[in-house]
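See below for the structure under consideration.
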4 protein chains.
Amino acid sequence: MTKPQTTRKKRANGVESRQRILDAAVEIAGERGYEGTSIAAVSAACGLPASSIYWHFKDKDDLIAAVIERSFDTWLAAFELPGEETGTPLERVTAVAGNVAKSLVDAPDFLRLGLMLALERRPVEPRGRTVFLQVRDIASAKIAEMAETLVPGLDKESVRILTAYAVAGADGLFVQREINGDALDLVTMFELHAQLVFEAATRMATRGEA
Amino acid sequence: MTKPQTTRKKRANGVESRQRILDAAVEIAGERGYEGTSIAAVSAACGLPASSIYWHFKDKDDLIAAVIERSFDTWLAAFELPGEETGTPLERVTAVAGNVAKSLVDAPDFLRLGLMLALERRPVEPRGRTVFLQVRDIASAKIAEMAETLVPGLDKESVRILTAYAVAGADGLFVQREINGDALDLVTMFELHAQLVFEAATRMATRGEA
Amino acid sequence: MTKPQTTRKKRANGVESRQRILDAAVEIAGERGYEGTSIAAVSAACGLPASSIYWHFKDKDDLIAAVIERSFDTWLAAFELPGEETGTPLERVTAVAGNVAKSLVDAPDFLRLGLMLALERRPVEPRGRTVFLQVRDIASAKIAEMAETLVPGLDKESVRILTAYAVAGADGLFVQREINGDALDLVTMFELHAQLVFEAATRMATRGEA
Amino acid sequence: MTKPQTTRKKRANGVESRQRILDAAVEIAGERGYEGTSIAAVSAACGLPASSIYWHFKDKDDLIAAVIERSFDTWLAAFELPGEETGTPLERVTAVAGNVAKSLVDAPDFLRLGLMLALERRPVEPRGRTVFLQVRDIASAKIAEMAETLVPGLDKESVRILTAYAVAGADGLFVQREINGDALDLVTMFELHAQLVFEAATRMATRGEA
DNA sequence: TATGAATGAGACTTCATTCAT
DNA sequence: AATGAATGAAGTCTCATTCAT
């Protein structure tokens with residue numbers, strides 16, 4: 001009665017183990033990149049033996065890809081244009097920019113890893129890289145849609161350029177924060193960015209009309 | 001002709017060997033990053049045995065740092081404000097932006113490696129990272145100086161924000177090119193960036209005066 | 001017969017592997033010392049790949065320390081004063097000396113390695129050295145205890161000197177045998193040593209009383 | 001006139017370079033043993049490039065042997081029986097023991113290295129080991145001679161045993177000092193050692209006569 | 001649902017040594 | 001009388017991965 005079955009607590013819980021592995025992996029991979037993330041390090045960080053990691057994930061590539069995938073939805077949410085909100089277009093753009101800024105602060109591991117993967121050119125492309133670039137494309141599409149919605153009259157090419165510029169600015173500001181820490185207020189910078197992009201868009205739309 | 005076939009096999013030539021090693025290293029490290037750059041790979045690429053690399057460089061860290069250092073001056077030249085040139089401030093800013101864009105296209109290995117190093121958070125910071133960040137600070141200072149010269153009346157804080165934004169944009173556009181290749185014209189994007197930053201600067205200066 | 005040919009190739013058996021590694025290591029390290037013991041040599045001698053050695057031992061230092069530790073108890077047994085035995089104190093001391101002599105002949109690897117480690121002054125002290133010196137201190141304590149038991153009336157300082165002298169003689173005789181082989185009968189030498197130390201002890205005790 | 005020939009100080013001085021190399025080698029080899037002494041370490045310690053070491057010495061073995069050889073005479077002097085000195089035999093023996101004790105304190109590197117070489121059993125015996133054992137044999141012969149001179153009537157076998165015991169004690173006391181430092185006064189211990197050996201010798205001689 | 005043990009490949013680095021100058 | 005440069009071999013250790021249990 002006092003000790004019914006010896007094993008009680010340790011009833012193998014696959015889901016929890018998987019989470020622990022991913023938690024460890026996201027942290028390490030976010031700091032050290034693909035090559036720098038060794039299975040042994042993940043094992044040490046999550047407390048499970050290396051062989052257990054291979055029970056949950058096919059191989060290292062699969063693990064890294066899963067890390068990217070798991071952060072996917074959470075992060076992408078920041079790019080939603082809040083439906084039917086009041087305010088001028090500029091105000092709405094600025095609000096989204098603030099959300100994005102906050103998302104970068106909240107999910108830095110995900111993005112740092114993603115950017116590292118994106119920059120690397122290794123012989124066989126890691127699946128995680130592909131996944132990250134897809135997420136990026138989705139984010140870009142949302143930005144493009146936002147531009148078309150809030151600044152009517154933009155031609156395709158202008159949208160393409162503005163979207164690219166908007167994404168580049170976001171990337172660059174994220175990099176800056178990773179390097180300089182909190183020396184600069186990210187939200188302020190993003191609002192400046194949003195404003196400049198919005199003005200450029202407006203001008204392009206006007207010019208297109210003329 | 002002057003020296004017929006005096007030295008047949010290996011003439012010890014330290015300077016040339018060092019260059020060959022650096023040439024190989026810059027290419028590999030620029031593509032694969034710090035961890036991805038194995039001494040064996042560099043050895044294979046430059047034709048010298050691994051142990052010879054250690055004659056020229058204390059260790060891998062030293063090699064990577066040397067790679068960064070060597071690209072330093074070349075790359076930094078792009079940031080000079082062409083002295084006493086004709087044209088409006090905007091035209092001059094735009095010209096510099098074009099130069100920078102070209103420098104990014106010309107020295108992508110240096111920058112890709114640097115950015116990767118900058119993003120990584122490894123337990124012991126590679127010396128190459130430190131060096132790269134120093135180069136970056138110098139570039140930032142030049143941009144700040146340029147802003148103060150071409151747009152008088154900017155207060156310190158505005159200069160700081162504008163400089164940060166300018167650098168971030170450059171980083172982001174570089175990342176974009178690395179990911180998307182030539183889908184977007186980098187020079188065009190940089191000119192747009194320069195223009196937007198210039199307008200923001202002008203506005204800030206005017207507001208400060210008022 | 002009971003288990004016909006169930007396990008064909010490699011049945012994972014950690015305990016046995018560990019022993020095999022230690023067996024190989026004790027022999028090599030006992031002959032060649034710390035630096036002279038390469039993991040590759042141990043690997044060749046025990047049949048397991050080098051990487052398997054690292055499964056069982058953190059690093060080379062850990063392996064050497066384990067070698068010392070394993071021989072510990074076996075060897076220390078020789079120093080027990082046989083309880084309540086008949087005979088004069090001198091006879092009893094001589095008997096112990098004989099045991100010690102035999103132990104030196106039986107466990108020469110352990111002691112040779114230990115002495116080599118003890119003599120070396122490397123920048124970071126190997127753990128094996130620490131362990132060996134601890135074993136030595138225990139042996140010294142037993143000798144001191146023996147002296148106090150068999151030769152009453154010795155003051156602290158005399159015990160200290162006699163113990164040191166007894167240990168030194170044992171070390172020296174061991175070294176001699178390692179160098180000259182069996183040219184000299186170790187048991188005879190140890191009995192002489194025991195006798196001389198005993199006489200010196202008796203004299204010191206008497207002098208102290210007077 | 002002011003700067004006659006550019007190179008003046010650095011006129012290659014073979015003898016001095018050789019000394020510098022040996023000075024560095026004796027220290028390192030005395031601390032780390034044969035395998036632990038790398039040419040690179042000696043090079044760093046003496047300031048000359050590795051290739052210069054090979055100009056002065058055929059190979060590493062030759063260098064270590066030279067280290068042993070250089071300390072040879074200095075050290076051996078301690079074993080001279082001071083000719084025709086006054087005092088009882090015991091007093092004279094004690095005086096020599098004191099000299100030997102001092103010599104161990106003065107030339108510890110030489111002896112530590114020698115003992116390490118003596119203990120190691122490597123596939124090809126280093127020449128330094130051979131040389132050291134020869135020095136040892138000479139020292140033994142001197143001790144034997146001393147015994148025969150100061151304690152007449154000893155038979156060959158007794159001399160052999162006593163000499164061996166005397167040397168063993170010396171080795172052991174040296175080892176002790178290396179391990180425990182100055183916790184014990186070496187001269188005192190050596191005097192005790194000399195006295196005990198002398199008494200044993202006297203007794204053996206008397207017994208032989210009877 | 002795990003995991004202890006094993007393993008070949010390859011990582012970085014040092015080794016003793018040579019050779020042309 | 002040296003030395004800058006090179007080099008194959010070997011050093012310690014980590015890697016991603018597998019497999020029997």
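So that the names make sense, note that chain A is the first sequence line, chain B the second, and so on, each numbered from 1. Computation of the quantities below employed the complete heavy-atom set of this structure, encompassing side-chain atoms and omitting hydrogens, waters and symmetry-equivalent molecules.
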Open item on the list: As a quick check of understanding, evaluate side chain to side chain contact (heavy atoms under 4.5 Å, CB included) for C:Asp61 and C:Val124, giving each step before the final call.
Closed with: CA-CA 10 Å; C:Asp61 205 54; C:Val124 323; over 6 Å; no

TODO: Could you provide the dot-bracket string of DNA chain F, using ( ) for intrastrand pairs, [ ] for crossing pairs and | for bases paired to another strand, with Watson-Crick or G-U pairs below 3.5 Å?
DONE: .||||||||||||||||||||

Open item on the list: If the threshold is 4.0 Å, N to carboxylate O, is there a salt bridge linking D:Glu69 and D:Arg127?
Closed with: yes

Task: Side chain of A:Pro49 (C-beta onward), nearest among E:dT18, E:dT3, E:dC12 - done: E:dT3

Open item on the list: Tell me whether C:Glu120 at atom CD has more than 12 heavy atoms from other residues, nucleotides or ligands lying less than 6.0 Å away.
Closed with: yes

Task: Spacing of D:Phe57 atom CZ relative to F:dA1 atom C1', expressed in whole Å - done: 14 Å

Open item on the list: Quick check on DNA chain F: between C:Ala50 and B:Leu48, whose nearest nucleotide comes earlier from the 5' end?
Closed with: B:Leu48

Task: Residues C:Arg70, C:Asp23: salt bridge by 4.0 Å N-O rule - done: yes

Task: Nearest-nucleotide comparison on DNA chain E, the residue closer to the 5′ end among B:Lys60 and C:Ile53 - done: C:Ile53

Task: Atom of C:His56, atom of C:Ser17 and distance for their closest heavy-atom approach - done: NE2-CB, 3.6 Å

- [ ] Look at the side chain of B:Arg32 and the backbone N and O of A:Arg122, then say whether any donor-acceptor pair between them is shorter than 3.5 Å.
- [x] no

TODO: Please state whether the phosphate of E:dA6, meaning OP1 or OP2, lies under 4.0 angstrom from any side-chain nitrogen or oxygen of C:His56.
DONE: yes

Open item on the list: Does anything in residues 42-52 of chain C form a side chain to side chain donor-acceptor pair (under 3.5 Å)? List the pairs, not counting sequence neighbours.
Closed with: none

Open item on the list: Looking at C:Trp55, I'd like to know whether one of its side-chain N or O atoms comes within less than 4.0 Å of OP1 or OP2 on E:dA5.
Closed with: yes

Task: Selection from E:dT18, E:dC15, F:dT17 that lies nearest to any side-chain heavy atom of D:Ala40 - done: E:dC15

TODO: Taking only Lys NZ, Arg NE, NH1 and NH2, and the carboxylate oxygens of Asp or Glu, determine whether C:Asp109 and C:Arg112 approach each other closer than 4.0 Å.
DONE: yes

Task: Proximity to DNA chain F (any heavy atom under 4.0 Å), residues of residues 17-39 of chain B only - done: B:Ser17

Open item on the list: If you assign B:Ser51 and D:Lys58 each to the DNA chain E nucleotide with the nearest heavy atom, which residue ends up on the more 5' nucleotide?
Closed with: B:Ser51

